[in-house]
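What follows is a set of notes on a single structure, which appears directly below.
Here is the naming used below: chain letters follow the sequence lines, and residue numbers restart at 1 for every chain.
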Amino acid sequence: MSNVFYDHQAIEEKCLSYWDELALFQDVNLDLTPSDLAKKSFLLFAFVYPSGSGLHVGHIESKTALDILARFQRMKGQQVYFPVGWDAFGLPAENYAIKTGIHPSQTTKTAIDTFRQQIKRLAISYDFANELATNDPDYYRWTQWLFLQLHQKGLAYQKQGRVNWCPSCQTVLANEQVVNGLCERCGSEVVQKDLKQWYFKIKAYQDELISGLDGLDWPTATKQQQLNWIGRHEGVNITYPVYAYPDDGKSLADGGNSLANEGNDSAEEGSSLAEEQLNQGEDTGASRAGEITCFSSRPDTNFGATFVVLAPEHALAKQIAEKNELVAEYLAKAEKKTELERQQEGKQKSGVFTGFYAFNPLSKRRMPIWVADFVLANYGTGAVVGVPAHDKRDFEFVEFANRQNPREPLSVIRVVSGPDGNQDEITQVEQVYSGEGQLMNSAFLNDLSVPEAIETMIDYLEEKGYGQRTVNYQLRDWLISRQRYWGTPIPIVYDPEGNAHLVKEEHLPWTLPDDVDFKPTGESPLKSSKEFQERVERLYGKGWTPEYDTMDTFVDSSWYFLRYCDSHNQQAFADPQRLEQWLPIDLYLIGPEHIVLHLLYSRFFTKFLRDEGHLKISEPFAKMRHQGMILGPDGQKMSKSKGNVINPDQIVDQYGADTLRIYEMFIGPLEADKPWDDRAVAGVARFLRKLYRLAVEEIELIAELWPVLDEENNGNGQAGGNNQAELSSPEFVGRKALVQKLQQTIKKLSEDLPKLKFNTAIASLMEFNNVWEKASLSRNRLKTLSEENASSKSTFHTPYLLLSAEELLKLIAILAPLAPFLSEELYGQAKYAWQNLADQTLGEIKCETGEARARRQALESLEFAASIHLTTWPTYDPALAQSEQITLAVQVNGKVRAELKLDYDLINDQATVLTQAKALPALEKWLLGQQIIKEIYVPGKIVNLVLAA
RNA sequence: GCCGCGGUGGCGGAAUUGGUAGACGCGCGAGACUUAAAAUCUCGUGCUAGCAAUAGUGUGUGGGUUCGAUUCCCACCCGCGGCACCA
């Protein structure tokens, strides 16, 4: 018996071909009946890029997690849809093609085949009948269709402008793909280029992308990151008149108006010289030179605004540069800087004075206008007012500016008091205060709090016509053009005059040509295709040309879940009823690295298609969770260069797929990062081997013992008609504890699996296994003992069962989602061993008693499904799962001093519990001569006796 | 700087409507089997003192609330992730 060997290789091979034969979970019916609708569960795993190196252990973690859930839900009777597909376009395959000359379609196909084979080997129960790949014309035809729809609504547009360019990848990048000034893919320094590119107008949905987050069951951190990225800021756009002075000699085109009647009403004492000069405008020769609008989220501090700064890209800055060499020089320098250089300069301020002034009507102050690259062109208006007392950057800029131009220093005016009413002058950067406080030096705002002052000020500005309430967003439109080959062609053609036209819908899929030269030239590789050019001229006319750019692969991967609803549909991207039935996704498991880009884009597409009448939902992913990363044994992120990569194939070869699955689920919470531990893998393998051995022994024993079973062994653990001696026999006690543990384990798994708490679920199975092992051990001892004694003709001991057939089947069933191979094998063995017992063994048996016959027939009539994975999830009996006795901690003054064994029936009997507790011998020395002033009993939890001090 | 998450034995981690901290696994120690090793099995294992019973102490630090705090509140320290001259 103990030589039972779990031959994982043979068993896995056998199961895989058996499941293939059954087409288990393949091609599920996606047309739901109304009663099935409530039970539908659409489980989605992040789209995978099929890289050449195959599946890594990180993939396996998240795939296994969802697979366990899928299998569990199926056993619970849910209608589960668990599809798979490939994010197959992308740079690595193309770069590989450049190096080797092998066409990306070839490497991609090979990679997908490898992935699919590895996934099957791990028993991930995907529905492969609906598999899709983004490089399939059947798929990208609808990606292109989506482009057409967006274009027709004005949400896909072409724009000339400065864009991020990766010199190594030879393509533009979206803002989201630039990380700290570097290309997120290859790490090269990103430079700016002026190009005409295609954009999707995601900003059209910016408000809904915020409000839509409210009802979603997503981790709060994820929601927060999306909010940060969209970056909504309320504030006010304040417009200031701009003046030039004759001595500066650079008046702008349309100047000439005097300041005349500006700001008479709120005049304060102590006007500075500058203000007086301004107020006397005409006399000093100041001339009106247009106006400038600045965005501010802190208009309450506007009395402390002492200067204005323009971004180098600002229109006014460019205008000034035409007549001012210093400014022109600065703009030229700023333009050449890369994102990285701007960032590396960090807090090092630079800038140049323009010679112009803005007039602050509140403080009656003239504010010198500077140009500096710390102001961003594409946020707000590209111009800001400087409030150095309450903004660190502004203060640092003042320090710089006053070195640069000491003849006309910028001043620092405190307008908000600090904590404890601090009103000190601000002379050092450490004093700059951006927190809340009382307003000061601010006329009608004085003594108001910051929020009050903001409201009062905005109302005032609006009333006076100086400003207008505004909302700004950090989100920018999505640049989707890529100068690469291996992607979805943008369905646009140009007429001979260069005007863009949509490719006609009947020409979709607008196929990616094959005859291209991959060598990067800085231009789109599609330019080299003869076929592409000929196709356009044939279909659209002489002199017409195709759009040579392809789409960002995020376009492909941000609507795939819709296609899953109906992957083979030739008439539409999916059938409307299917979409309505299956969406939204019930659980999306995705790595934290996709939180910003992919999710934002997917939500944008969903909202757009809803507005077009194709979808009824506004949010695609009702519930989302993230898996953590599996780190190398050294606690570092796995990477080839560090040599700490674990190869999953090798683990499967050595220990089997179930071990790998359970190990990865066991090492820690799904969402946490956790290091790989080789020795712990072996521990999991040991656990499964023991479990298998115990189960096989029990299966055999059940089959062996049917003719001689007695009541207590075949029952459900209840006392029945046994006498006292039987009840207290070790085998009865051992069996009873085991059955109780089984009930508790079913309960634990039923609760933990839907919550994705696989680590604790597995721990409870291990606990069960430990109890089982101990019980089995004492049974074997008894057996050995009785065999020895049998020869000397003393007491003969009957072998006994620890688990009944039904109980064992329950155990095998709860194992099924976690260890699909092991449980299928055990299920098959049980079926084989227990069916047709009479045929197998009756010949050897002299006489079958009536009772034994009944037992055999009961065993034989157990119904077996074709697979354990087609059976239903076992139920548990709460009464059986509950121990009859509980152990209660008894505290004295909050410290545990004794334990009280308590019958479960007495759990609510406070008086008895307290009496029993106080009588505990262990408490004697603590209570002796002490007065108890308070007795606390929390039913089932604790007793605490509080003594007088 | 802002936003978010976290800090528990030698290690991964468990336990939260406040109720015996350390489940489960790894490692480690002792023992059994073996000529020996591996494998397997048994017992032990937070720390300190003690042969032991036992006592003290213990969930990043310092306070607070409570009969009782890993859990709640306040302040701080450290780590991780995201965003970042966003005015």
Side-chain angles (χ1 to χ4, degrees), chain A residues 2 179-180 219-229 231-233 235 294-299 301 305 309 311 342-343 345-349 372-376 378-387 390-394 396-397 434 472-475 592-593 595-596 628-629 635 662-663 666-669 671-684 686-687 689-690 757 759-770 773-774 777 887-900 922 925 933-947:
Chain A
S2 47
V179 179
N180 294 329
T220 46
T222 305
K223 291 187 185 183
Q224 205 55 49
Q225 276 191 50
Q226 292 242 318
L227 288 175
N228 280 350
W229 192 264
R232 182 180 193 276
H233 296 278
C294 301
F295 175 73
S296 172
S297 63
R298 286 292 302 278
T301 61
V309 187
R342 270 205 191 192
Q343 280 170 22
E345 283 170 13
K347 305 289 180 251
Q348 283 292 328
K349 296 288 183 291
D373 67 4
F374 81 90
V375 175
L376 304 175
N378 35 25
Y379 180 74
T381 59
V384 300
V385 275
V387 185
H390 303 288
D391 185 300
K392 211 169 151 228
R393 295 158 303 180
D394 292 350
E396 285 164 348
F397 186 71
S434 51
N472 266 318
Y473 297 83
Q474 286 169 230
L475 182 70
E593 69 277 11
I595 283 174
V596 174
M629 207 188 311
I662 290 186
Y663 168 71
F666 179 63
I667 41 174
E671 65 279 6
D673 293 346
K674 51 240 152 194
W676 184 270
D677 182 351
D678 280 315
R679 291 181 295 204
V681 181
V684 168
R686 202 176 304 144
F687 155 65
R689 267 201 310 272
K690 283 186 201 170
K757 292 174 71 177
N759 52 334
T760 51
I762 292 163
S764 76
L765 275 170
M766 286 174 169
E767 281 183 52
F768 173 81
N769 203 45
N770 292 343
E773 202 182 5
K774 286 222 166 59
L777 202 71
T887 306
L888 211 57
V890 181
Q891 299 182 329
V892 176
N893 280 342
K895 300 205 169 181
V896 179
R897 298 300 183 191
E899 286 184 343
L900 176 64
K925 68 174 176 181
I933 54 168
K934 198 166 177 186
E935 299 175 1
I936 294 160
Y937 173 55
V938 182
K941 303 259 183 184
I942 204 149
V943 173
N944 192 6
L945 305 173
V946 186
L947 304 180

Just how far, in rounded Å, is [atom2] of [N] from [atom1] of [X]?
| X | N | atom1 | atom2 | answer |
| --- | --- | --- | --- | --- |
| A/L227 | B/A84 | CG | P | 15 Å |
| A/M629 | B/G82 | CE | C1' | 13 Å |
| A/L376 | B/C83 | CG | C1' | 13 Å |
| A/F374 | B/C85 | CZ | P | 12 Å |
| A/I595 | B/G82 | CD1 | P | 10 Å |
| A/E935 | B/G19 | CD | C1' | 17 Å |
| A/E899 | B/U20 | CD | P | 11 Å |
| A/L777 | B/A32 | CG | P | 18 Å |

For nucleotides 52-56 of chain B, which of its nitrogen or oxygen atoms have a protein nitrogen or oxygen under 3.5 Å away, and what is each distance?
unit_1: B/U54; atom_1: O3'; unit_2: A/K925; atom_2: NZ; d: 3.3
unit_1: B/A55; atom_1: OP1; unit_2: A/K925; atom_2: NZ; d: 3.3
unit_1: B/G56; atom_1: OP1; unit_2: A/R897; atom_2: NH2; d: 3.4
unit_1: B/G56; atom_1: OP2; unit_2: A/R897; atom_2: NH1; d: 3.0

At under 4.0 Å between heavy atoms, what does [X] touch on the DNA or RNA strands: base, sugar-phosphate, or nothing?
| X | result |
| --- | --- |
| A/R232 | nothing |
| A/E773 | sugar-phosphate |
| A/K223 | nothing |
| A/D673 | sugar-phosphate |
| A/P592 | nothing |
| A/V946 | sugar-phosphate |

With rounding to whole Å, what would you report as the distance between [N] and [M] at their [atom1] atoms?
| N | M | atom1 | answer |
| --- | --- | --- | --- |
| B/G63 | B/G10 | C1' | 32 Å |
| B/U20 | B/A69 | P | 12 Å |
| B/C26 | B/A39 | P | 12 Å |
| B/G7 | B/A87 | P | 32 Å |
| B/G22 | B/A14 | P | 15 Å |
| B/G31 | B/A21 | P | 33 Å |
| B/U45 | B/A52 | P | 12 Å |
| B/G6 | B/U71 | C1' | 15 Å |

Requested in this report: Have a look at B/G58 and give me syn or anti from its glycosidic angle (syn if within 90° of zero).
Outcome: anti

Report summary line: Of the listed B/G12, B/U20, B/A87, the closest approach to the A/T887 side chain comes from B/U20

From [X] [atom1] over to [Y] [atom2], what is the distance, rounded to the nearest 0.5 angstrom?
| X | Y | atom1 | atom2 | result |
| --- | --- | --- | --- | --- |
| A/Q226 | A/L475 | CD | CG | 10.0 Å |
| A/N769 | A/K774 | CG | NZ | 10.5 Å |
| A/M766 | A/R686 | CE | CZ | 10.0 Å |
| A/L376 | A/Q474 | CG | CD | 9.0 Å |
| A/F295 | A/N472 | CZ | CG | 4.0 Å |
| A/K934 | A/N944 | NZ | CG | 9.0 Å |

Can you give me the N/O atom pairs linking the protein to nucleotides 1-8 of chain B at distances under 3.5 Å, or say none if there are none?
none

Query raised in the report: What one-letter contact string describes nucleotides 21-31 of chain B from 5' to 3', where B marks a base within less than 4.0 Å of any protein heavy atom, S marks contact via sugar-phosphate atoms alone, and - marks no contact?
Result: --BBSSS----

Query - Earlier contact from the 5' end, RNA chain B, for A/N944 and A/G940 - result: A/G940

Query raised in the report: Relative to the 5' end of RNA chain B, which residue comes earlier, A/I942 or A/G668, by the nucleotide with the nearest heavy atom?
Result: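 Checking each residue's closest nucleotide, the 5'-ward one belongs to A/G668.
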
Query raised in the report: Of A/T222, A/N228, A/T220, which meets side chain to side chain contact (heavy atoms under 4.5 Å, CB included) against A/Q224?
Result: A/N228

Might you list the N or O atoms of the protein lying below 3.5 Å from N or O atoms in nucleotides 63-66 of chain B, with each pair's distance?
none

Report task. Not counting sequence neighbours, which residues clear side-chain contact (heavy atoms from CB on, under 4.5 Å) with A/D677? List them please. Result -> A/Y663, A/R679, A/A680

Report task. Keeping the roles fixed (side chain from A/D673, backbone from A/M629), state whether a donor-acceptor pair exists under 3.5 Å. Result -> yes

Query raised in the report: Does A/D391 use its side chain to pair, donor to acceptor, with the backbone of A/G386 at less than 3.5 Å?
Result: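 It does not hold such a pair.
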
Minimum heavy-atom distance between [X] and [Y], given as atom pair plus value:
| X | Y | value |
| --- | --- | --- |
| A/D394 | A/V387 | OD2-N, 2.8 Å |
| A/C294 | A/V384 | SG-C, 3.8 Å |
| A/R298 | A/S296 | N-OG, 3.0 Å |
| A/R897 | A/A922 | O-CB, 4.1 Å |
| A/P299 | A/S297 | CD-C, 3.3 Å |

Query raised in the report: A/K674 side chain N/O closer than 4.0 Å to the phosphate oxygens (OP1, OP2) of B/C80?
Result: no

Query raised in the report: Could you go step by step and tell me if A/N893 and A/V946 meet the side chain to side chain contact (heavy atoms under 4.5 Å, CB included) rule?
Result: CA-CA 5 Å; A/N893 280 342; A/V946 186; 3.8 Å; yes

Requested in this report: For the residue pair A/F374 and A/F397, categorise the inter-ring angle as parallel (less than 30°), tilted (30 to 60°) or perpendicular (more than 60°).
Outcome: tilted

Query raised in the report: Does the side chain of A/F687 reach to within under 4.5 Å of the side chain of A/L765, using non-hydrogen atoms?
Result: yes

**Report entry** Range-with-range stems for RNA chain B, at least three Watson-Crick or G-U pairs under 3.5 Å
**Finding:**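 Correct response: B:1-7 with B:77-83, B:10-12 with B:24-26, B:27-32 with B:40-45, B:46-49 with B:54-57, B:60-64 with B:72-76.
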
